[in-house]
Every structure is written in structure tokens, then in C-alpha cells.
Asker: 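I'd like to ask some things about the structure below.
Just so it is clear: chains get the letters A, B, ... in the order the sequence lines come, proteins before strands, and each one is counted from 1. Computed from a predicted model, the values in this text were never measured in an experiment.
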Protein chains: 2
Amino acid sequence: MRKNKVETEQTIRNLINIARHHFTEYGYVNTALEEIVKEAGLTRGAVYHHFRNKKGLFLAVFEAIQQEIGEYVETAAAKSNHSWDQLINGCQAFLEGAAASHNQRILLIDGPAVLGWDTFRKMDEKYSMNSLREQLQLMQEQHLIQPVSTEALTHCLSGAMNEVVLWIADHLEQKDAIEDAMNVLRLLLDGVRK
Amino acid sequence: MRKNKVETEQTIRNLINIARHHFTEYGYVNTALEEIVKEAGLTRGAVYHHFRNKKGLFLAVFEAIQQEIGEYVETAAAKSNHSWDQLINGCQAFLEGAAASHNQRILLIDGPAVLGWDTFRKMDEKYSMNSLREQLQLMQEQHLIQPVSTEALTHCLSGAMNEVVLWIADHLEQKDAIEDAMNVLRLLLDGVRK
DNA sequence: TTAACATACATACAGTATGTATGTAAATAA
DNA sequence: TTATTTACATACATACTGTATGTATGTTAA
């Protein structure tokens with residue numbers, strides 16, 4: 001019955017994936033661990049062996065999604081050599097990634113409430129917001145943007161994108177909504193351009 | 001033991017106020033109804049008589065805060081006759097109101113998760129976001145801002161403010177943080193100015 | 001190669017919180 | 001004055017989470 005290392009990792013990944021589906025579909029509070037383990041062919045004991053508690057499992061799911069989107073954003077940004085284009089590309093990639101497959105529920109709705117604001121902030125800093133801040137910092141040093149508080153600007157942009165992602169997610173034609181959002185973001189960013 | 005109409009209204013207001021304190025202090029999930037009614041000198045029966053359930057009580061608290069801030073914003077905006085100044089004044093008032101007395105936890109963290117995105121959105125539309133949208137719509141008709149999707153712009157700005165409120169709340173010197181945030185917001189808005 | 005131990009779970013149970021059904025005294029309506 | 005709401009209290013069913021403990025199997029070292 002005991003599994004080797006590889007099999008165990010597979011079990012954990014499997015739990016995370018199943019949990020991800022349930023959390024996105026029904027939300028954190030409306031998902032009982034029992035439902036998840038039933039689908040995995042296990043019992044709740046397995047979850048409490050591999051994770052600290054229900055929150056721990058959620059955190060694993062949350063981080064998986066963050067990383068996924070983070071990589072997508074980085075890839076998109078790296079397609080240009082110009083700071084300004086990198087920023088724009090990254091923003092668009094974020095909108096696409098976060099709006100995809102109902103990630104918003106975990107990332108933006110349950111995330112802060114379940115993990116608490118402090119933990120959520122740390123995660124957000126670690127993944128998505130960090131690269132945004134670094135990019136803005138860099139651009140300020142290159143005198144491409146006005147001399148304002150980088151922190152405040154980072155949070156404003158991050159917030160604008162987070163919220164507009166939820167707006168985009170409400171649309172059937174996400175492509176059009178993303179375009180509308182990007183038009184707004186480009187104009188807003190023009191305001192801080194130097 | 002039974003109360004008259006006035007007394008009953010007082011009881012309800014009292015429950016809402018006590019609940020507000022607990023929700024802001026400990027968050028929704030970490031607040032047991034028992035704690036609230038104990039402080040009010042009642043039992044849980046009272047809550048289930050006046051409200052649908054725990055969520056219903058939370059909703060009442062949520063709406064009270066929204067209304068409070070909404071009035072504050074309207075008052076601030078009305079201090080000027082110029083659309084642009086009205087917008088700026090309103091934004092600043094929102095930052096001040098939402099950052100005050102830990103309102104953010106209820107408004108921005110627990111709100112979406114507890115009420116669900118749909119209900120939250122409706123509330124947000126009904127109160128804070130609605131006046132912002134109307135103002136932007138008006139300004140677009142006055143040809144004061146660029147021709148972009150008003151909806152997208154509304155959500156971007158609303159999101160930017162919501163997020164930056166949480167950033168402000170992290171600061172000891174909120175006044176300074178608000179100033180930094182307003183500097184950023186003014187620049188961003190300059191981008192959509194015509 | 002076998003004893004000692006770790007791992008990966010299962011099972012049972014305790015604790016806590018919500019929600020609901022029902023009872024009851026007081027106020028209002030008839 | 002009687003009937004009927006209203007404003008709760010009480011008791012209880014239900015649903016989860018978390019924890020303690022048991023167990024089978026793999027691994028390591030003497």
C-alpha cells in the first residue's frame with residue numbers, strides 16, 4: 001500500500017488538481033474536503049497527512065495558479081526589448097491568464113478572505129505584483145515614467161487589473177473585453193509616461 | 001419582554017453595530033454569532049428572527065458601511081462645480097472613507113468572498129461604483145475624457161482605488177499614503193483626459 | 001535478513017458552528 | 001376581550017473541521 005517518492009508526488013499533484021476544480025467551481029467554503037478525497041479515491045486522512053489543513057491545501061492550489069500566470073506574464077514580457085512594450089505585454093498576458101478558466105475566484109475572491117490579507121499580500125508580492133513593481137522601478141530609473149511613489153503606482157495598477165479581470169470574466173466575448181480594458185490601461189499609463 | 005417598534009429598531013441597529021465591530025476585528029469566519037448576541041444580551045434566536053442567516057447580518061453591516069462612505073463621497077464631490085474636481089474630490093473622499101476604521105476588511109476582503117461575486121458586484125454598483133460610473137459617463141459626454149469604454153474605465157479606477165486603499169491601510173501615517181496615492185491617481189487620470 | 005523505524009494513509013471521535021423547529025410571553029389588532 | 005402577531009428563547013439536527021490513533025507497507029542498518 002505504501003507508495004514510493006514518485007507515486008507520492010503524483011498523489012499530491014492529483015489532490016491539488018482536484019481541489020483546484022472544486023474551489024474554482026464551488027468556492028472555498030462550499031467545498032468539503034470529503035468531496036475532494038472521494039474523487040481522488042482517498043480519505044481525509046490523506047489530506048491532513050500531506051497538508052497542514054484545509055487552508056494549506058488551498059494555499060497549494062493558490063500558489064500553483066499564481067506561478068502558472070507568473071510564467072505566462074514573464075514569457076509575454078520577454079518578447080520585447082523595450083521597457084514600455086514589456087509592461088504592456090505583461091499587462092495583457094496577466095489579463096488573459098487571470099481571466100482564464102475561472103482562476104479569478106481562487107486568486108481574487110477567495111484568496112484574500114481565506115488566506116487573510118497578510119498572507120495573500122505576501123503571495124501576491126512573491127508572484128504577480130513583484131515583477132510588476134520591478135518593471136516599474138526599472139522604468140523609473142530609466143526616466144520613462146514620472147517621479148511618483150512606485151509602491152502606490154504598483155498597487156494602483158495591480159488593483160486596476162485585478163478588478164478589470166473580474167469584469168472581463170463576466171463577458172462571453174472575453175477577447176473584446178480584454179481589448180477594451182487594454183485601451184483604458186494604455187491611456188492610464190500614458191498619464192504617468194514621461 | 002416583547003418590545004415595541006422603536007425598541008425593536010434599536011435592537012436591530014445595535015446588533016448591526018456589534019456585528020460590525022466583530023467582523024472588522026476578527027473577520028467573518030472567525031466571528032461566531034454567539035459572540036455577537038452575547039454582547040447584545042440576546043440569543044441567536046434574535047438574529048435568526050431579524051435576519052435570514054449569518055450572511056444576512058453581514059450584508060446589513062456591509063450595506064451600512066457602503067452607504068456611509070457613499071454619502072461621504074457625494075458630499076465631497078458636491079463641493080465643486082467642475083466635473084474634473086468633483087471626480088478628484090470624490091476619489092480622495094473614497095480613499096479616506098474606505099481606509100478609515102478598518103472598513104476595508106468588510107468591504108474589500110470578506111465582502112466578495114462572503115456575499116459571492118454577483119451579490120458583491122450588485123452592492124458595489126448600487127453604492128460606490130455607480131456614482132463613479134455616472135460621473136465618468138457625464139464627463140465623457142462633456143468631452144472631458146477620451147472616448148474609451150466607460151465600463152472598463154470605471155472598473156479600472158474602482159479597482160485601483162480598492163487596492164490602494166488596502167495599501168494605505170497598511171501605513172501608520174495614512175495621510176501621507178493617501179497623498180502618494182492621489183498623486184498617482186491624478187497622473188493616471190491625466191492619461192484619459194482630453 | 002531481520003529488527004527498528006518512517007511513510008501513507010484509514011478510522012473514529014471530539015469540538016464547534018450554523019440553521020431550524022418549536023415554544024412562549026407580551027403587544028397590537030379585531 | 002379575544003385573536004393574532006411579534007420578538008425572542010430553547011432544544012436539537014446537521015455539517016464540517018481537526019486530531020488522535022491504528023495499521024499496513026516500504027526502507028535502512030546491524
Asker: Using whole Å, what does the distance between atom C1' of nucleotide C/dT18 and atom CG of B/L33 come to?
Answerer: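 The distance from CG of B/L33 to C1' of C/dT18 comes to 7 Å, rounded to the nearest Å.
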
Asker: Do NZ/NE/NH1/NH2 and the carboxylate oxygens of A/D85 and A/K79 come within less than 4.0 Å?
Answerer: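 Salt bridge between A/D85 and A/K79, a charged N being under 4.0 Å from a carboxylate O: no.
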
Asker: Would you mind reading off the distance between B/I12 atom CD1 and D/dT6 atom P, rounded to a whole angstrom?
Answerer: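 Going from B/I12 (CD1) to D/dT6 (P), I get 12 Å.
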
Asker: To the nearest Å, give me how far apart CZ (B/R44) and P (C/dT20) are.
Answerer: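 Rounding to the nearest Å, CZ of B/R44 and P of C/dT20 are 11 Å apart.
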
Asker: Looking at D/dT17, C/dT11, D/dA9, which one has an atom nearest to any side-chain atom of A/T43?
Answerer: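 The answer is C/dT11.
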
Asker: Could you check which of C/dG19, C/dA8, C/dA10 has an atom nearest any side-chain atom of A/H50?
Answerer: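 The answer is C/dA8.
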
Asker: Cation-pi check, A/R193 to A/W84: give yes when NZ or CZ is under 6.0 Å from the six-membered ring centre and within 45° of the ring axis, no otherwise.
Answerer: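 Cation-pi check for A/R193 and A/W84: passes.
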
Asker: Using atom CD1 of B/I36 as one end and atom P of C/dG19 as the other, report the distance to the nearest whole Å.
Answerer: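 It is 12 Å, rounded to the nearest whole Å.
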
Asker: Separation of A/Y48 atom OH from D/dA20 atom C1', in whole Å?
Answerer: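 Value for this atom pair: 13 Å.
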
Asker: When you check the phosphate oxygens OP1 and OP2 of D/dA7, does a side-chain N or O of B/H49 lie under 4.0 Å from one of them?
Answerer: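 Checking D/dA7 against B/H49, a side-chain N or O does come within under 4.0 Å of OP1 or OP2.
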
Asker: From the list D/dA9, D/dC16, C/dT18, which nucleotide is the closest neighbour of the side chain of A/A32?
Answerer: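 Selected nucleotide (nearest to the side chain): D/dC16.
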
Asker: Quick one: is D/dA7 close enough that its OP1 or OP2 comes under 4.0 Å of any side-chain N or O from B/T8?
Answerer: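 For B/T8, the contact criterion (side-chain N or O under 4.0 Å from OP1 or OP2 of D/dA7) is met.
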
Asker: In this structure, how many angstroms lie between the C1' atom of D/dT17 and the CZ atom of A/R52, rounded?
Answerer: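 Distance check: A/R52 CZ to D/dT17 C1' gives 14 Å.
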
Asker: Between atom CG in A/N30 and atom P in D/dT14, what is the gap in whole Å?
Answerer: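 It works out to 20 Å between those atoms.
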
Asker: With sequence neighbours excluded, give me every ring pair (Phe, Tyr, Trp, His ring centres under 6.0 Å) pair touching residues 26-45 of chain A.
Answerer: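 Found A/H22-A/Y26, A/F23-A/Y28, A/Y28-A/F58.
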
Asker: Using whole Å, what does the distance between atom C1' of nucleotide C/dT11 and atom CD of A/E34 come to?
Answerer: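 The answer, rounded to whole Å, is 11 Å.
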
Asker: Can you name the residues that form a side-chain contact (heavy atoms from CB on, under 4.5 Å) with A/V73, not counting sequence neighbours?
Answerer: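 A/V73 satisfies side-chain contact (heavy atoms from CB on, under 4.5 Å) with A/I69, A/A93, A/F94 once adjacent residues are dropped.
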
